[in-house]
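Remarks on the structure that follows.
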Amino acid sequence: MATGHTHAARTEARILVIDDETGMREGCRRALAPLGHNVDTAADLSQGRVLILAGSYDLYLIDVALPDGSGLDLIDPILKQDPDAICIIMTGFGSVEMAVEAVRRGAYDFLSKPFTSDELIVAVNQGLERRRLKAIEAQAVALAREGEELRQLDRVKSQLMVKVAHELRAPVAAVQSYMNLIQAGYISQDEMEATLARIQQRLQETLDLVSDLLELAQLKQAQDQQ
């Protein structure tokens, strides 16, 4: 691989280089490792599959023509394991048809051999930037979904507060009315027992509602502590 001026990478990444040429594998390592990237290598499909399953890589540099098959066949298992992984295909037999096939399978970019260190680093930096942007987009979607859930929760809480206030107000207001009638002398001795029973019933309804609210609050507190 031809050498050139290096460009600083923004963040460290885990990169796997799969190529049957020792010079190409080591050339990629020499270009990328000084930028802070962790670079592993494999010489064929079988070694590549082992490392793909064992590790979690951010970006893959894959040769098409490997001793035991086509590197394009690795794209699908890589993306199944990590849909945001970046796959860059390398080949000495570059063609429009090959590039289209690689992209169709999910590759991010295509490098024709021989390429310079600068070309490699630019492709890698662009790929890693794409991965970062996808991660940010996913986070934004999650936050938006969480925000909507919080807004829905707030609406439910508001509705619950209104309902609870109404449910508590009704029996208290009834008891107050009965007490006003008793104090004003409108309840006869014959009616007193029945009136007191109604007051007791209303008070019990209030206590039951308060107990339900306390139980709900305790369950919520226990859930938040888990």
Side-chain angles (χ1 to χ4, degrees), residues 1-92 94 98-99 102-146:
M1 179 170 59
T3 59
H5 300 291
T6 59
H7 304 280
R10 294 184 182 179
T11 57
E12 295 181 1
R14 292 200 66 199
I15 297 174
L16 177 60
V17 181
I18 305 173
D19 196 295
D20 60 331
E21 299 178 28
T22 303
M24 180 59 64
R25 295 195 303 273
E26 294 307 312
C28 290
R29 188 201 298 274
R30 286 196 299 271
L32 299 173
L35 303 179
H37 299 309
N38 296 315
V39 182
D40 292 334
T41 63
D44 52 36
L45 279 178
S46 59
Q47 290 182 13
R49 287 194 178 98
V50 170
L51 290 174
I52 289 167
L53 292 174
S56 178
Y57 296 94
D58 302 297
L59 185 141
Y60 298 81
L61 293 162
I62 308 170
D63 186 24
V64 172
L66 295 170
D68 49 351
S70 171
L72 296 181
D73 293 335
L74 292 174
I75 297 176
D76 185 60
I78 287 172
L79 296 180
K80 282 183 177 179
Q81 181 168 299
D82 179 6
D84 293 333
I86 300 297
C87 297
I88 298 176
I89 297 302
M90 308 180 295
T91 181
M98 181 68 73
V103 172
R104 187 188 69 79
R105 295 197 184 197
Y108 169 74
D109 203 354
F110 186 93
L111 285 172
S112 295
K113 297 177 182 179
F115 49 82
T116 66
S117 295
D118 277 355
E119 291 170 332
L120 171 66
I121 292 170
V122 167
V124 167
N125 283 346
Q126 289 176 344
L128 292 176
E129 182 65 19
R130 170 66 180 276
R131 180 176 174 86
R132 283 190 289 271
L133 288 175
K134 290 176 72 174
I136 292 172
E137 289 173 2
Q139 185 178 21
V141 170
L143 288 173
R145 186 181 299 115
E146 182 178 342

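Quick caveat: nothing in here was measured; it's all calculated off a predicted structure.
Between the side chain of H37 and the main chain of A13, a donor-acceptor pair closer than 3.5 Å is present. Remark: side-chain polar atoms of D68 are paired, donor with acceptor, to backbone N or O of S46 under 3.5 angstrom. Using a distance-only test at 3.5 Å, with no hydrogens or angles considered, a donor-acceptor pair links the side chain of Q47 to the main chain of A43. Panel note: side chain E119, backbone T116; a donor-acceptor pair is recorded below 3.5 Å. R29 places no side-chain N or O within 3.5 Å of a backbone atom of T41 that could act as its donor or acceptor partner.
Annotation for I89 and A102: closest pair CG1-CB, 3.8 Å, computed over non-hydrogen atoms. Of all heavy-atom pairs between L66 and G71, the closest is CD1-CA, 4.0 Å. Looking at every heavy atom in both residues, L120 comes nearest to A31 through CD2-CB, 4.0 Å. Taking each heavy atom of A107 and I75 in turn, the nearest pair found is CB-CD1, 4.0 Å. V17 and C28 make their closest contact through CG2-CB, 3.9 Å (heavy atoms, listed as atom of the first residue, atom of the second, distance). Residue A33 comes nearest to V39 through the heavy atom pair N-CG2, 4.2 Å, listed as atom of the first residue, atom of the second, then distance.
To the nearest 0.5 Å, the span separating CG on D19 from CD1 on I62 amounts to 10.5 Å. Taking OH of Y60 as the reference point, atom CG of L51 lies at 9.0 Å (rounded to 0.5 Å). To the nearest 0.5 Å, atom CG of residue L74 and atom SG of residue C87 are 8.5 Å apart. The distance from the CG atom of D63 to the CD1 atom of I18 is 9.5 Å, given to the nearest 0.5 Å. Remark: I86 CD1 to R132 CZ distance equals 10.0 Å, nearest 0.5 Å. For the atom pair Q126 CD and I121 CD1, the distance stands at 12.0 Å (nearest 0.5 Å).
The pair R25-D20 does not count as a salt bridge, with every side-chain nitrogen at least 4.0 angstrom from each carboxylate oxygen. Of the charged side-chain nitrogens involved, none lies within less than 4.0 Å of a carboxylate oxygen, so that D84 and R130 do not count as a salt-bridged pair. Between R49 and D44, none of the side-chain N atoms (NZ, or NE/NH1/NH2) sits under 4.0 Å from a carboxylate O, so this pair counts as no salt bridge. Ion pair R14/D58 not flagged as a salt bridge, since none of the NZ, NE, NH1 or NH2 atoms sits closer than 4.0 Å to an Asp/Glu carboxylate oxygen.
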Show, in sequence, the C-alpha distance, side-chain angles and deciding distance for M24 and L61, and conclude whether the side chain to side chain contact (heavy atoms under 4.5 Å, CB included) test is met.
CA-CA 10 Å; M24 180 59 64; L61 293 162; over 6 Å; no

Any chance you could lay out the side chain to side chain contact (heavy atoms under 4.5 Å, CB included) test for V124 and L128, step after step, and finish with the verdict?
CA-CA 6 Å; V124 167; L128 292 176; 3.9 Å; yes

Step by step, work out the side chain to side chain contact (heavy atoms under 4.5 Å, CB included) result for R131 and Y108.
CA-CA 10 Å; R131 180 176 174 86; Y108 169 74; over 6 Å; no

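No side-chain heavy atom of M90 sits less than 4.5 Å from a side-chain heavy atom of F110. Looking at L79 and R105, their side chains never come closer than 4.5 Å, going by heavy atoms from C-beta outward.
Side-chain atoms of Y57 and N38 include no donor-acceptor pair closer than 3.5 Å.
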